[in-house]
Amino acid sequence: MPQMHAAITAVEGYVPDKVLTNADLEKMVDTTDEWIRSRTGIETRHILEDGKGTSDMAVKAVNGLLKKRGIEADEIDLLICATVTPDMVFPATANVICDKLGARNAWGFDLGAACSGFIYALTVGAQFIESGKHKKVVVVGGDKMSSIIDYTDRSTCVIFGDGAGAVLLEPTEEDEGVLDSVLHSDGSGREFLHMKAGGSVRPASEETVRNREHYVFQDGQPVFKAAVVNMADVSAHIMERNNLEAEDIQWLVPHQANLRIIDATARRMGLTNERVMINIQRYGNTTSGTIPLCLADWEPQLRKGDNIILSAFGGGFTWGAIFLKWAYDGPSN
Ligand code: UT7
């Protein structure tokens, strides 16, 4: 029997309308547009309105891809939602998304791997297709980071934004789709990037709220150093083990945490900027949303057979890379 692969057959992204600019942040904390641009590459980020959650952005993205593919929500077999900002601690946001979509025949679950969430979830989703268990799997990456960002902390509030993206996976016997993935984790990195309270160790209390412990804590430099090394290493590793040279790769789709980390990864892979998807300047770091948002933005330019490397590093620490062969011509081709 031929080997079954999981092909991405549709992609869609969604960011909320409200924009938070560097100029806005200059009025909120002691920062400058120049510092933010030169240290991160970010110019604007999008912010979801109060009262809405990650599921609302995900539903927009999934409805968009169902429309593109011309299928109904009840054809979805499984929906995986990668997020660190679920609508509620439980039930899973995947359950909420399926309900809002009317995906009555799907089961689903959330997957938490911070900024590597989408590549973890894509790897898991692909295996349900490869095994023959399911025909239509939706993988969502989305985060309402504004719900866990302290807008008095200049070291984190300039970086993050809200957004979601989704892909549809379907089986193919062609040599395309998700072809390889390399995933890693090292929980000792939690010291440098975490949220102190709200979990089972330190549940919410008056004290945790007073101490502002329900926000992202990041010690930026150790995270930066680990990200630069590991994102570059894992991207080079997946190239080597698939016998790929720089000229074989049409696109690098890096997690959008910092332009300097993206540049270091691309350099290590021998790629010039024209072949790297970069939209950090518009959206900032949307955590699980960055990679599918890139794929959605670049979809018109993608062609069947394009070799694509997805690469991410994030809280956990978690990191990894996926080798993907694109399965259809983007709409402008
Ligand atoms: O996606 C999940 C994984 N996360 C990442 O990959 C993020 C990795 N880390 C980073 O991208 C960078 O470390 C940051 C962008 C977070 C920070 O950049 P940095 O070049 O590492 O700056 P730093 O933390 O070393 O701070 C340098 C200086 C400090 O001032 P002093 O101590 O030198 O006087 C900071 O207080 O910059 C100061 N600073 C700021 N200044 C103006 C920190 N944040 C700001 C700010 N505006 N927003």
Side-chain angles (χ1 to χ4, degrees), residues 20-45 82-85 112-120 141-146 148-163 165 183-195 215-235 253-266 268 277-281 283-294 310-321:
L20 181 66
T21 65
N22 291 352
D24 295 331
L25 285 159
E26 282 179 345
K27 293 181 204 134
M28 295 159 66
V29 289
D30 180 16
T31 193
T32 61
D33 174 54
E34 202 285 324
W35 191 97
I36 302 171
R37 279 176 200 254
S38 63
R39 305 310 291 170
T40 70
I42 301 167
E43 296 167 20
T44 57
R45 62 295 284 144
T83 189
V84 292
T85 50
C115 297
S116 308
F118 184 76
I119 61 169
Y120 271 47
D143 274 297
K144 184 186 179 186
M145 292 306 292
S146 62
I148 55 167
I149 290 300
D150 181 352
Y151 286 95
T152 66
D153 174 7
R154 70 177 183 174
S155 70
T156 51
C157 73
V158 302
I159 298 170
F160 293 96
D162 302 339
L183 301 175
H184 295 282
S185 75
D186 174 4
S188 67
R190 69 189 183 281
E191 175 188 348
F192 306 110
L193 183 50
H194 60 258
M195 192 162 95
Y215 295 120
V216 170
F217 166 84
Q218 177 169 256
D219 186 356
Q221 282 213 355
V223 180
F224 183 88
K225 283 180 191 153
V228 164
V229 171
N230 288 307
M231 235 170 96
D233 277 357
V234 77
S235 306
V253 191
H255 170 54
Q256 314 278 309
N258 188 312
L259 196 51
R260 292 179 288 149
I261 300 172
I262 296 172
D263 287 345
T265 305
R268 175 75 179 279
M277 296 187 191
I278 301 173
N279 57 16
I280 190 173
Q281 61 279 12
Y283 305 145
N285 182 349
T286 55
T287 303
S288 307
T290 58
I291 289 177
L293 279 170
C294 279
L310 316 180
S311 181
F313 181 91
F317 292 146
T318 55
W319 68 101

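Atoms within each ligand, like the ligands themselves, are counted from 1 in listed order. Bear in mind the structure is a predicted one, so any value in this text is a computation, not a measurement.
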Just one of T85, T287, N285 clears the side chain to side chain donor-acceptor pair (under 3.5 Å) bar with D143, so which one?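 Only one of T85, T287, N285 forms a side chain to side chain donor-acceptor pair (under 3.5 Å) with D143, namely T85.
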Under the side chain to side chain donor-acceptor pair (under 3.5 Å) test against R45, which residue among T21, N22, D162, D24 passes?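 Checked T21, N22, D162, D24 against R45; only one passes side chain to side chain donor-acceptor pair (under 3.5 Å): N22.
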For D219, all residues meeting side chain to side chain donor-acceptor pair (under 3.5 Å), sequence neighbours excluded: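 For D219, no residue satisfies side chain to side chain donor-acceptor pair (under 3.5 Å) once neighbours in sequence are set aside.
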Qualifying residues under side chain to side chain donor-acceptor pair (under 3.5 Å), relative to S155, sequence neighbours excluded: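 Partners of S155 under the side chain to side chain donor-acceptor pair (under 3.5 Å) test: D153.
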Under 3.5 Å donor-acceptor pairs involving side-chain atoms of residues 313-320, not counting sequence neighbours:
{"from": "T318", "atom 1": "OG1", "to": "A113", "atom 2": "O", "distance (Å)": "2.9"}
{"from": "T318", "atom 1": "OG1", "to": "S116", "atom 2": "OG", "distance (Å)": "2.9"}
{"from": "T318", "atom 1": "OG1", "to": "G315", "atom 2": "O", "distance (Å)": "3.0"}

Evaluate the side-chain proximity of R260 to R39: yes if any heavy-atom separation is below 4.5 Å, no if none is.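 Heavy-atom side-chain distance check passes, below 4.5 Å.
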Please give the N or O to N or O pairs under 3.5 Å between ligand 1 and the protein, distances rounded to 0.1 Å.
{"from": "ligand 1", "atom 1": "1 (O)", "to": "H255", "atom 2": "NE2", "distance (Å)": "2.9"}
{"from": "ligand 1", "atom 1": "1 (O)", "to": "N285", "atom 2": "ND2", "distance (Å)": "2.7"}
{"from": "ligand 1", "atom 1": "4 (N)", "to": "Q218", "atom 2": "OE1", "distance (Å)": "3.2"}
{"from": "ligand 1", "atom 1": "9 (N)", "to": "G220", "atom 2": "O", "distance (Å)": "3.2"}
{"from": "ligand 1", "atom 1": "11 (O)", "to": "N258", "atom 2": "ND2", "distance (Å)": "2.7"}
{"from": "ligand 1", "atom 1": "13 (O)", "to": "G220", "atom 2": "O", "distance (Å)": "3.1"}
{"from": "ligand 1", "atom 1": "20 (O)", "to": "R39", "atom 2": "NE", "distance (Å)": "3.1"}
{"from": "ligand 1", "atom 1": "20 (O)", "to": "R39", "atom 2": "NH2", "distance (Å)": "2.7"}
{"from": "ligand 1", "atom 1": "20 (O)", "to": "R260", "atom 2": "NH2", "distance (Å)": "3.1"}
{"from": "ligand 1", "atom 1": "25 (O)", "to": "Q221", "atom 2": "NE2", "distance (Å)": "2.7"}
{"from": "ligand 1", "atom 1": "36 (O)", "to": "R154", "atom 2": "NH2", "distance (Å)": "2.8"}
{"from": "ligand 1", "atom 1": "37 (O)", "to": "W35", "atom 2": "NE1", "distance (Å)": "3.3"}
{"from": "ligand 1", "atom 1": "41 (N)", "to": "W35", "atom 2": "NE1", "distance (Å)": "3.4"}
{"from": "ligand 1", "atom 1": "47 (N)", "to": "T31", "atom 2": "OG1", "distance (Å)": "2.6"}
{"from": "ligand 1", "atom 1": "48 (N)", "to": "T31", "atom 2": "OG1", "distance (Å)": "3.1"}
{"from": "ligand 1", "atom 1": "48 (N)", "to": "R154", "atom 2": "O", "distance (Å)": "2.9"}

